Amino acid sequence: MRSSWLRLILLLHFLLLDGQILPSQSKAATPTPPPLPALPVPSAAQLRWQRREVIMFFHFGMNTFTDSEWGTGRESPAIFDPAGLDAAQWIDDAAAAAGASLVILTAKHHDGFCLWPSRYTDHSVARSPWRNGRGDVVRELADAARDRGVDFGVYLSPWDRHERTYGRDVEYNEFYMAQLRELLTRYGTVSEIWFDGAKGKNATNMTYYFEDWFETVKQLQGSINIFSDAGPDVRWVGDESGFAGSTCWSTINRTMLRIGDAGIVNYLNTGDPRGTDWVPPECDVSIRPGWFWHKNETAKPLSQLLDIYYKAVGRNCVLLLNVPPNSTGLISKGDTVRLREFRSAIETIFGTDFAKGSKAKASSQRGGDGGGFAASNVLDGDDDTFWAPKAEEVSRGERQGYWIELSELNPWSRFNVIRIQEAIAMGQRIRLHFVFVDGAAVANGTTVGHKRLHRLETAACGRTVRIWIAESRGPPLLSEVGLHFDPFVEQSKNRAK
Ligand code: FUL
């Protein structure tokens with residue numbers, strides 16, 4: 001009896017000392033580290049921006065009162081009088097109604113009229129009858145947005161048709177930077193700034209000191225994203241219809257970009273898989289034909305807005321939707337109704353995910369079942385978790401590459417939208433992919449990025465959906481996969497009949 005006790009104690013002692021019991025328990029709990037990122041990767045501010053998906057532009061100013069798109073700079077401030085201006089209505093009935101988490105205001109458009117009382121010019125709201133010259137549209141909107149949890153951004157046109165120093169390089173750059181400082185120091189956090197490369201063909205020659213501007217902006221607003229044709233944080237998508245390229249890389253080579261250069265629009269549209277800079281594109285488009293409000297224009301139909309959504313958000317971009325306040329200082333009823341329809345359509349489509357409850361398996365899983373990179377991560381609704389295959393995976397043959405498959409789907413659930421998302425915090429990787437339902441190909445595409453939406457002409461159903469990633473920059477990392485039904489596809493088909 002005594003000797004068996006002794007034996008047991010000795011055995012335990014031996015196992016503990018030899019590192020067999022306690023260390024092996026903790027070994028099982030040690031997670032597999034994530035793979036290395038595929039550079040370049042987004043900054044924290046760029047990642048936050050990307051996840052906004054829909055943001056809103058407000059084009060408002062002198063043009064609102066003159067029925068024009070580009071003012072001359074000779075307009076009298078006396079005509080600026082939006083008697084019923086209510087910035088809270090812009091946020092509630094337009095931005096929040098459309099699900100936009102950031103709004104950008106044209107603080108100064110090409111005509112040079114300032115929507116805030118700038119100390120450096122008298123061409124501003126201070127000279128207008130509105131609020132007896134004591135108003136500040138920038139402040140009213142920034143405050144209304146902040147009160148409602150919406151972020152704020154500004155557009156300050158470099159081309160200024162009013163300012164007399166325009167054309168004198170040093171003087172105008174000093175003037176412009178003084179205005180920048182006002183906008184970036186008086187109104188709290190500014191999340192995005194828009195530098196527009198546009199100017200008229202006959203505009204006075206002028207060199208903008210972009211590098212000085214950019215550095216000053218970053219000094220004054222540490223977490224801001226700077227938009228221009230060439231970034232540095234967000235780039236123009238190369239068109240004003242809201243469409244990204246069907247191949248759309250967030251990566252690009254900034255050395256190839258020049259602000260205001262029409263020759264680079266195709267490059268901007270698609271980006272560059274070999275790009276050394278992370279500068280994702282933003283799709284700017286107006287809900288109406290013009291950027292500014294005109295009495296005789298109306299909002300685009302819902303079907304067109306949805307098409308834009310698929311070609312912007314569904315192609316790895318952020319949609320910057322412009323909604324112009326009218327001369328009363330309110331967003332017109334027709335626009336607010338359309339924005340609510342738009343949001344509710346998005347909720348109808350994406351509110352139900354037929355992939356939920358399915359089983360996920362993949363060509364391989366980094367670290368095996370307990371490694372933290374399981375195929376099932378694509379079904380957890382969390383953009384930060386992802387499926388990662390084993391790095392060395394190369395399965396030869398026809399289906400070479402990586403795949404992930406959802407099975408045990410309800411065969412009666414019809415879907416016509418396939419949503420695929422990459423874990424872009426780790427870099428954008430996928431170059432070519434295919435989607436199969438029960439073995440039949442239904443969709444294919446090149447890039448994925450933050451979100452790729454395949455909208456099918458004909459609804460599909462089946463027990464399995466497989467995504468085959470045929471080419472990628474390193475192992476692909478998928479954060480989410482969803483299957484949805486879009487009733488508007490069929491409605492627009494029926495109308496076309
Ligand atoms: C363009 C401008 O010329 C338009 O008026 C508008 O502001 C649009 C967003 O950018 O370049």
Side-chain angles (χ1 to χ4, degrees), residues 49-59 69 94-104 192 194 227 234-248 250 265-266 268-271 280-293 297-324 331-332 334-351 416-421 443 445 447-457 484 486-493 495-496:
W49 167 89
Q50 186 90 49
R51 291 178 174 174
R52 294 179 186 279
E53 298 193 349
V54 177
I55 60 178
M56 192 162 282
F57 226 164
F58 291 127
H59 270 67
E69 281 289 307
S101 63
L102 163 67
V103 294
I104 302 176
E192 182 166 337
W194 238 73
F227 169 101
V234 176
R235 71 178 197 258
W236 185 40
V237 77
D239 64 55
E240 290 186 343
S241 37
F243 298 162
S246 58
T247 293
C248 187
S250 295
V265 291
N266 291 337
L268 289 173
N269 201 240
T270 59
E282 186 169 273
C283 295
D284 59 316
V285 61
S286 186
I287 193 170
R288 290 162 166 241
W291 291 102
F292 285 87
W293 176 82
E297 290 185 352
T298 54
K300 293 179 165 74
L302 175 64
S303 57
Q304 206 175 333
L305 291 182
L306 286 177
D307 189 39
I308 290 170
Y309 180 87
Y310 280 102
K311 290 178 177 151
V313 178
R315 290 180 176 175
N316 185 37
C317 287
V318 168
L319 169 59
L320 174 58
L321 181 61
N322 178 65
V323 181
I331 309 292
S332 304
D335 296 355
T336 62
V337 168
R338 189 54 40 77
L339 289 167
R340 281 190 206 286
E341 278 173 19
F342 172 64
R343 192 70 218 166
S344 112
I346 302 282
E347 274 159 18
T348 301
I349 300 165
F350 296 99
N416 54 10
V417 177
I418 297 150
R419 172 173 53 91
I420 312 174
Q421 298 187 237
T447 48
V448 172
H450 168 67
K451 190 173 274 187
R452 179 73 191 237
L453 298 173
H454 289 290
R455 199 186 197 194
L456 310 180
E457 284 272 312
H484 308 277
D486 176 344
F488 307 94
V489 175
E490 311 224 326
Q491 281 171 19
S492 46
K493 268 200 302 202
R495 259 202 307 274

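No hydrogens, no waters, no symmetry mates; every other heavy atom, side chains included, goes into these values. Position 1 is the first residue of the sequence, and the numbers go up from there. Please read these numbers as outputs of a predicted model, since none were measured by experiment.
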Check [X] against [Y] and note the closest heavy-atom contact, atom names and distance.
{"X": "Ala97", "Y": "Arg340", "answer": "CB-NH1, 3.6 Å"}
{"X": "Ala94", "Y": "Phe58", "answer": "CB-CE2, 4.3 Å"}
{"X": "Ser286", "Y": "Asn322", "answer": "OG-ND2, 3.0 Å"}
{"X": "Val103", "Y": "Ala95", "answer": "CG1-CB, 3.6 Å"}
{"X": "Ala244", "Y": "Cys283", "answer": "N-SG, 4.0 Å"}
{"X": "Pro487", "Y": "Thr348", "answer": "CG-CG2, 4.1 Å"}

Please tell me if the side chains of [X] and [Y] come closer than 4.5 Å, counting only heavy atoms from C-beta onward.
{"X": "Pro281", "Y": "Cys248", "answer": "yes"}
{"X": "Ile55", "Y": "Glu282", "answer": "yes"}
{"X": "Glu192", "Y": "Leu102", "answer": "yes"}
{"X": "Glu341", "Y": "Arg343", "answer": "no"}

Out of curiosity, [X] [atom1] to [Y] [atom2], how far, rounded to the nearest 0.5 Å?
{"X": "Phe342", "Y": "Gln304", "atom1": "CZ", "atom2": "CD", "result": "12.0 Å"}
{"X": "Ser332", "Y": "Trp293", "atom1": "OG", "atom2": "CH2", "result": "6.5 Å"}
{"X": "Arg455", "Y": "Ile349", "atom1": "CZ", "atom2": "CD1", "result": "6.5 Å"}
{"X": "Ile331", "Y": "Arg338", "atom1": "CD1", "atom2": "CZ", "result": "15.0 Å"}
{"X": "Glu297", "Y": "Asp335", "atom1": "CD", "atom2": "CG", "result": "10.0 Å"}
{"X": "Phe243", "Y": "Arg315", "atom1": "CZ", "atom2": "CZ", "result": "8.0 Å"}

Sequence neighbours excluded, the answer for ring-ring contact (aromatic ring centres under 6.0 Å, His included) partners of Trp49 is none
Side chains of [X] and [Y]: donor-acceptor distance under 3.5 Å anywhere?
{"X": "Asn316", "Y": "Thr447", "value": "no"}
{"X": "Gln50", "Y": "Arg52", "value": "no"}
{"X": "His450", "Y": "Arg51", "value": "no"}

Could you point out which residue of Leu319, Asp239, Val237, Leu305 forms a side-chain contact (heavy atoms from CB on, under 4.5 Å) with Val285? Leu319
Is a side-chain N or O of [X] found less than 3.5 angstrom from the main chain of [Y], in a donor-acceptor match?
{"X": "Glu69", "Y": "Trp291", "answer": "yes"}
{"X": "Asn416", "Y": "Asp486", "answer": "yes"}
{"X": "Arg288", "Y": "Pro324", "answer": "no"}
{"X": "Asp284", "Y": "Leu321", "answer": "no"}
{"X": "Arg419", "Y": "Leu453", "answer": "no"}
{"X": "Arg235", "Y": "Phe227", "answer": "no"}

Could you tell me how the ring of Phe350 sits relative to the ring of Tyr309: parallel (under 30°), tilted (30 to 60°) or perpendicular (over 60°)? tilted
Evaluate the criterion side-chain contact (heavy atoms from CB on, under 4.5 Å) for residue pair Val54 and Val318; output intermediate values, then yes/no. CA-CA 6 Å; Val54 177; Val318 168; over 6 Å; no
